[in-house]
Amino acid sequence: MSNEAVVSLRNVTKRVGRKTLINNLTFDVPQGEIFGFLGPNGAGKTTTIRMMVGLMSITSGEIIIKGKNIKSEFEQAIRHVGAIVENPEMYKFLSGYRNLIHYARMVPGVTKERIDEIVKLVKLEDRIHDKVKRYSLGMRQRLGVAQALLHRPSLLILDEPTNGLDPAGIRELRDYLRYLTRTEGITVIVSSHLLTEMELMCDRVAILNQGKLVDVKPIEDFIGSNDQAQTYLIEASVDEVMIASIREMAGIQEVQAVPEGLEIVTERNQIPDILFYLTEKGIRIYGVRAVRQSLEDRFLEITGGGQVG
């Protein structure tokens, strides 16, 4: 992954009348990253995306895409972008292939070979000549992604791409986006209300609340990494005397009894020493696992329980 920023937002603000929808938003997204937008309903995710693709004006600040300003150099900036905002709109009476040909005519340099390449990439070879009205929602989403990729964009923006997809379709889309970033170096910005999917899909996540950027971090930093102190569950039968002795061990931050055994807050490299100590004392251990805070936990903690949407 390159450190070069494909898209940069600098102090971006959007006001409508006296209401501030987006307040001084600043962040960078480098090449080859899947970057997630999260926030409660009305937080400003779709407003930000609409400004990024030129569907809504910017009150103040700058959005730079591949070095081009979206306000003053719109055509040069937007040629680097492929996007699906809300739902992909297709001509349902045409086949998927005819839809792609129609869109290809709007962009110079898209060849038949490129269309065939994209159809294969989104795995629609067997159905591409069927009319779109016969497509499932998942197939229409894939066709929308194909259309967005025809002109080889550097940035793919997807607003709620998993809406209406079944679990298999969501996983397929997730795997496909990962494939795109790794093989073609495309940067992806995605918003979704499915927190579990965002945790599995994204490299970094930005949380918006009331139009402000609350935090932006790698997923690992939101949910905790192996190098940080975190909670571990040790499934074993222990008494209060044993708990007290474990509490005195070096590196132990917290110990408490739970129905399954012990929950211990410590660093990962302390776990072998704890297990060795317990087995020396004749304690039978049935399992050990890290109890990680999920992205959903962190989201609710940061936003005060606001409903994601």
Side-chain angles (χ1 to χ4, degrees), residues 6-7 29 31-37 45-46 49-50 52-55 65 78-92 94-107 109-194 197-198 200-203:
V6 171
V7 56
V29 185
Q31 180 182 345
E33 180 175 82
I34 302 180
F35 185 85
F37 266 145
K45 303 183 302 297
T46 297
I49 286 174
R50 285 179 173 274
M52 292 174 69
V53 298
L55 294 176
I65 299 174
I78 206 67
R79 71 178 52 167
H80 297 290
V81 180
I84 302 176
V85 181
E86 296 176 357
N87 297 314
E89 295 297 333
M90 301 289 170
Y91 295 103
K92 295 182 175 62
L94 295 177
S95 70
Y97 193 77
R98 295 304 303 178
N99 267 279
L100 293 181
I101 288 177
H102 173 71
Y103 287 112
R105 291 183 182 130
M106 302 179 189
V107 185
V110 178
T111 63
K112 179 182 181 299
E113 288 73 24
R114 175 60 178 170
I115 295 174
D116 293 341
E117 177 186 348
I118 286 295
V119 168
K120 186 176 181 180
L121 195 64
V122 299
K123 300 178 182 178
L124 278 176
E125 305 102 300
D126 295 339
R127 300 292 303 276
I128 195 63
H129 294 292
D130 292 353
K131 290 186 177 180
V132 170
K133 65 182 178 182
R134 298 176 185 164
Y135 282 15
S136 67
L137 181 55
M139 292 170 64
R140 289 201 297 274
Q141 289 281 26
R142 279 188 281 158
L143 185 62
V145 171
Q147 178 252 309
L149 291 173
L150 279 175
H151 61 296
R152 300 182 188 274
S154 302
L155 175 65
L156 178 63
I157 301 175
L158 304 175
D159 187 21
E160 295 285 356
T162 57
N163 270 355
L165 296 183
D166 59 20
I170 291 172
R171 180 172 183 175
E172 186 175 322
L173 178 65
R174 182 179 74 227
D175 293 344
Y176 173 63
L177 294 179
R178 282 282 179 200
Y179 174 79
L180 278 180
T181 58
R182 288 169 183 167
T183 61
E184 300 209 351
I186 290 175
T187 298
V188 179
I189 294 178
V190 58
S191 76
S192 177
H193 65 283
L194 298 178
E197 281 307 314
M198 293 291 270
L200 293 171
M201 182 188 301
C202 298
D203 300 302

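Arg178 CZ: more than 12 foreign heavy atoms inside a 6.0 Å radius.
Ring planes of Tyr97 and His129: tilted class, angle from 30 to 60°.
In this structure, the side chains of Ile34 and Cys202 come closer than 4.5 Å at one or more pairs of heavy atoms. Counting heavy atoms from C-beta on, the side chains of Leu158 and Leu177 come closer than 4.5 Å.
Distance check, rounded to the nearest 0.5 Å: CE of Met139 to CD1 of Ile128 gives 8.0 Å. Summarising the geometry, atom OH belonging to Tyr179 is positioned 8.5 Å from atom NZ belonging to Lys123; distances are rounded to the nearest 0.5 Å. Atom CD1 of Ile84 is separated from atom CG of Leu156 by 7.0 Å, given to the nearest 0.5 angstrom. Within the model, atoms CG of Leu150 and CE of Met106 stand 10.5 Å from one another, a figure rounded to the nearest 0.5 Å. Note that CD1 of Ile49 is 6.5 Å distant from CD1 of Ile157, once rounded to the nearest 0.5 Å. For the atom pair CD of Glu33 and CD1 of Ile186, the computed distance is 14.5 Å after rounding to the nearest 0.5 Å.
Under 4.0 Å is where a charged nitrogen must lie from a carboxylate oxygen, and between Arg114 and Glu117 at least one such pair does. Taking a cutoff of 4.0 Å between a charged side-chain nitrogen and a carboxylate oxygen, Asp116 and Lys112 qualify as a salt bridge.
Counting all heavy atoms, side chain and backbone alike, Ala148 lies closest to Ala83 at CB-N, 3.7 Å. Scanning all heavy atoms of the two residues, the minimum distance from Gly144 to Met90 falls at CA-CE, 3.4 Å. Of all the heavy atoms in Gly32 and Asp203, the pair that sits closest is O-OD2, 4.2 Å. For His80 against Ile65, the heavy-atom pair with the smallest separation is CB-CG2, 4.1 Å. Taking both residues in full, the closest heavy atoms of Ile115 and Ala104 are given as CD1-CB, 4.0 Å, listed atom of the first, atom of the second, then distance. Between Val110 and His151, the shortest heavy-atom contact is CG2-CA, 4.3 Å.
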Start with the C-alpha gap between Gln147 and Leu100, add the side-chain angles, then the distance that decides, and say whether side chain to side chain contact (heavy atoms under 4.5 Å, CB included) holds.
CA-CA 6 Å; Gln147 178 252 309; Leu100 293 181; 4.0 Å; yes
Start with the C-alpha distance between Val145 and Leu121, add both sets of side-chain angles, then the distance that settles side chain to side chain contact (heavy atoms under 4.5 Å, CB included), and finish with yes or no.
CA-CA 10 Å; Val145 171; Leu121 195 64; over 6 Å; no
Please report the C-alpha distance between Asp159 and Phe37 in whole Å, then the side-chain angles of each, then the deciding distance to 0.1 Å, and finally whether the side chain to side chain contact (heavy atoms under 4.5 Å, CB included) criterion is met.
CA-CA 9 Å; Asp159 187 21; Phe37 266 145; over 6 Å; no
Worked verdict on Leu149 versus Leu180 for side chain to side chain contact (heavy atoms under 4.5 Å, CB included)
CA-CA 10 Å; Leu149 291 173; Leu180 278 180; 3.7 Å; yes
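A donor-acceptor distance shorter than 3.5 angstrom exists from the side chain of Ser191 to the backbone of Glu160, with no hydrogens or angles considered. Of the possible polar contacts, one joining the Tyr135 side chain to the Arg127 backbone as a donor-acceptor pair under 3.5 Å is found. Ser95 places no side-chain N or O within 3.5 Å of a backbone atom of Lys131 that could act as its donor or acceptor partner.
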